[in-house]
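Beneath this line is the structure, given in structure tokens, with notes to follow.
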Amino acid sequence: MSHHHGGGADRAFERPSARPAGVRPLGAPGQVAVDYEHRVDFERLRRYRLGRAQAALEASGCGAFLLFDFYNIRYTTQTWIGGALGDKMIRYALLLPGREPILWDFGSAVRHHQLYSDWMPRENHRPGFLGFRGAVAPDGGADLMKDAVTEIRGILAEAGLADAPLGLDIVEPPFLFELERQGIRIADAQQPMLDARVIKSVDEIMLLNQAAAMVDGVYQDIVDALRPGVRENEIVALANKRLYEYGSDQVEAVNAISGERCNPHPHNFTDRIIRPGDQAFFDIIHSYNGYRTCYYRTFGVGWATPSQRDAYAQAREWMDAALDALRPGVGSDEVAAVLPRAQEFGFDNELAAFGLQFAHGLGLGLHERPIISRLNSMKDPVELQAGMVFAMETYCPASDGTSAARIEEEVVVTDYGIEVLTRFPAQDLFVANPY
């Protein structure tokens, strides 16, 4: 197998670091707990997340939070069940001041939580079901939503919180209507919960780094397989297989985009056969112990044209300008200002170009805070803080009208600057299996 490339890929991790002498780089240790190294401390992780959520509740003016967002539920209750139920709106958790959360969960998962998630009292794990997003009609004979709201209202009254606003993150309209019918005042819990989740602990950063290391390895497998005749969907299958072998708990998406499909960016994959001279880019989105990656890389297949190399060099220049702007205390508007305007890469306005030159937070969710772009950051800037983790993305269409370059780097903001978690070579256009 040839691992040659189009030059310069060995410089991919050459960015000068502002790391002070004696400060170790962020680690991605082995995944199994051992007695001879400090690795992820899950008990510390659980305490940190619940503490952040409780502080957010206290500062919000709400009496309690009722959480349906799968990631907010995991953040507060430290529980997880299969992703197939993640969008069904049947799991919900009630966060009360100074108490362990109460979780209503699906079927036999409740009994499993009682046995294995015993950091919450046994009685705080309760069966719940609201109808699979309307598959059981909310006005049917089961009265599922009415009974659920009545139970929640009783818990709030017992805690002396009946008259305080109840914070909600996301909700089905019939459930919202039932809350209002029973006289419960509603406030927004998603904003304080996202604020709570924005600063990552040492354990969260380690999990994010381990997740990125898994994708580093998958990109080597992709480079080895990226030859004319392979189909986009076969690369997707390869990535899924390797990630689950590494221990991924959810491969959320793999984009595989090649040839004439690169411009405009379709954000998907097909069964297209990859051809000699194609430019191809991939995005690997998965989670390890809940913590996600969003990790693009672009390759030439067999060879690369001057037009493709020029597009890649421009995408890299935009990326390096953004990375150079990142440090604690900087406003997100200052970072967005170094990104190209929509018109510079062929779009009429920032809304039409959104998602191509921007940054988004990474954590339990794929799109957390901060969101940095010309669309939103100029009007509502936020200050970058140590502990923020996000993915910075750039995109440049090529002058040939079909090719394009896409680069993404995952970044941790530290007290001394930034650390880049994504290590597969990306400084120059990497040509896989060159002729």
Side-chain angles (χ1 to χ4, degrees), residues 12 15 18 26 71 191 194-195 197-200 204-205 208-209 211-212 215 252-253 255 265 267 281-287 291-298 314-342 344-345 347 349-396 404-414 417-424 426-427:
R15 288 185 57 78
L26 301 176
Y71 309 120
Q191 297 304 307
L194 284 170
D195 284 341
R197 286 161 50 187
V198 73
I199 303 299
K200 270 60 180 184
E204 291 179 289
I205 292 169
L208 286 160
N209 206 10
V215 181
E252 185 171 348
N255 286 337
H265 184 353
H267 301 276
F281 57 80
F282 306 89
D283 187 15
I284 298 180
I285 303 166
H286 87 106
S287 71
Y291 285 86
R292 299 195 177 251
T293 64
C294 191
Y295 187 164
Y296 272 99
R297 284 296 183 262
T298 298
Q314 181 62 82
R316 188 70 233 184
E317 182 180 320
W318 289 335
M319 174 62 71
D320 287 340
L323 296 183
D324 289 342
L326 298 173
R327 59 186 182 278
V330 167
S332 58
D333 54 336
E334 299 174 72
V335 179
V338 307
L339 295 172
R341 298 177 186 277
E344 293 180 54
F345 54 100
F347 287 84
N349 54 61
E350 298 301 334
L351 183 60
F354 183 73
L356 296 178
Q357 323 283 355
F358 88 129
H360 61 89
L362 283 174
L364 290 174
L366 178 62
H367 296 111
E368 298 190 352
R369 289 182 175 154
I371 303 293
I372 304 174
S373 81
R374 283 186 170 272
L375 179 65
N376 65 292
S377 297
M378 304 307 190
K379 299 174 185 175
D380 187 24
V382 299
E383 181 181 322
L384 300 190
Q385 302 175 56
M388 288 183 172
V389 181
F390 51 88
M392 176 65 68
E393 310 187 23
T394 60
Y395 171 88
C396 185
R406 182 70 151 152
I407 307 173
E408 186 166 21
E409 304 286 18
E410 297 178 12
V411 174
V412 180
V413 180
T414 68
I418 62 168
E419 294 275 358
V420 177
L421 301 184
T422 39
R423 297 199 182 186
F424 198 86
Q427 200 64 32

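Not measured: the values here are computed from a predicted model.
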For Arg292, is there an ion pair with Glu410 - N to carboxylate O distance below 4.0 angstrom? no
Can you check whether Tyr295's main-chain N or O pairs, donor with acceptor, with Asp283's side chain at less than 3.5 Å? yes
Take Ile372 and Leu384, measure what side chain to side chain contact (heavy atoms under 4.5 Å, CB included) needs, and give me the verdict at the end. CA-CA 10 Å; Ile372 304 174; Leu384 300 190; 4.1 Å; yes
Nearest heavy-atom contact between Gly361 and Ile371 is N-CD1, 4.4 Å
Does Arg374 reach the main-chain N or O of Ala342 with its side chain, forming a donor-acceptor pair under 3.5 Å? no
Mind checking the CG-CG spacing from Leu375 to Asp380? Nearest 0.5 Å is all I need. 11.5 Å
Please step through side chain to side chain contact (heavy atoms under 4.5 Å, CB included) for the pair Glu350 and Ser373, ending with a clear verdict. CA-CA 9 Å; Glu350 298 301 334; Ser373 81; over 6 Å; no
Under 3.5 Å, is there a donor-acceptor pair between the side chain of Ser377 and the main chain of Val335? no
Return the CZ to CG distance between Phe354 and Asn376, rounded to the nearest 0.5 Å. 6.0 Å
Of the non-hydrogen atoms in Thr298 and Ala404, which two are nearest, and what is the gap between them? CG2-O, 4.1 Å
Nearest non-hydrogen partners of Ala211 and Tyr291, listed with the distance: CB-O, 3.6 Å
Heavy-atom closest pair, residues Val382 and Pro370: CG2-CB, 4.1 Å
Tell me the closest heavy-atom pair linking Cys294 and Leu366, and the distance in Å. CB-CD1, 3.7 Å
dist Leu194:CG -> Arg369:CZ (nearest 0.5 Å) comes out at 5.0 Å
Assess whether side chain to side chain contact (heavy atoms under 4.5 Å, CB included) is satisfied between Glu368 and Val198, documenting all intermediate values. CA-CA 7 Å; Glu368 298 190 352; Val198 73; over 6 Å; no
Quick one, Tyr71 with Arg197, criterion side chain to side chain contact (heavy atoms under 4.5 Å, CB included). Give me CA distance, side-chain angles, the key distance, then yes/no. CA-CA 10 Å; Tyr71 309 120; Arg197 286 161 50 187; 3.7 Å; yes
I'd like to know if the side chain of His267 reaches the main chain of Asn255, judged simply by a donor and an acceptor atom lying under 3.5 Å from each other, with no hydrogens or angles considered. no
Can you tell me how far the CE atom of Met319 sits from the CD atom of Gln357, to the nearest 0.5 Å? 9.0 Å
Basic-acidic side-chain contact under 4.0 Å: Arg297, Glu409: yes
Does a donor on one side chain sit under 3.5 Å from an acceptor on the other, for Gln427 and Asp320? yes
N/O donor-acceptor pair under 3.5 Å between Lys200 side chain and Leu362 backbone: yes
Within this structure, what is the OG1-CD1 distance for the pair Thr293 and Ile284, rounded to the nearest 0.5 Å? 7.0 Å
Is there side-chain contact between Thr422 and Glu408, with at least one heavy-atom pair below 4.5 Å? no
Can you give each donor-acceptor pair under 3.5 Å made by side-chain atoms of residues 388-396, sequence neighbours left out, with the distance rounded to 0.1 Å?
| unit_1 | atom_1 | unit_2 | atom_2 | d |
| --- | --- | --- | --- | --- |
| Glu393 | OE1 | Arg406 | NH2 | 2.6 |
| Glu393 | OE2 | His360 | NE2 | 2.9 |
| Thr394 | OG1 | Ala315 | O | 3.0 |
| Tyr395 | OH | Cys262 | O | 2.8 |

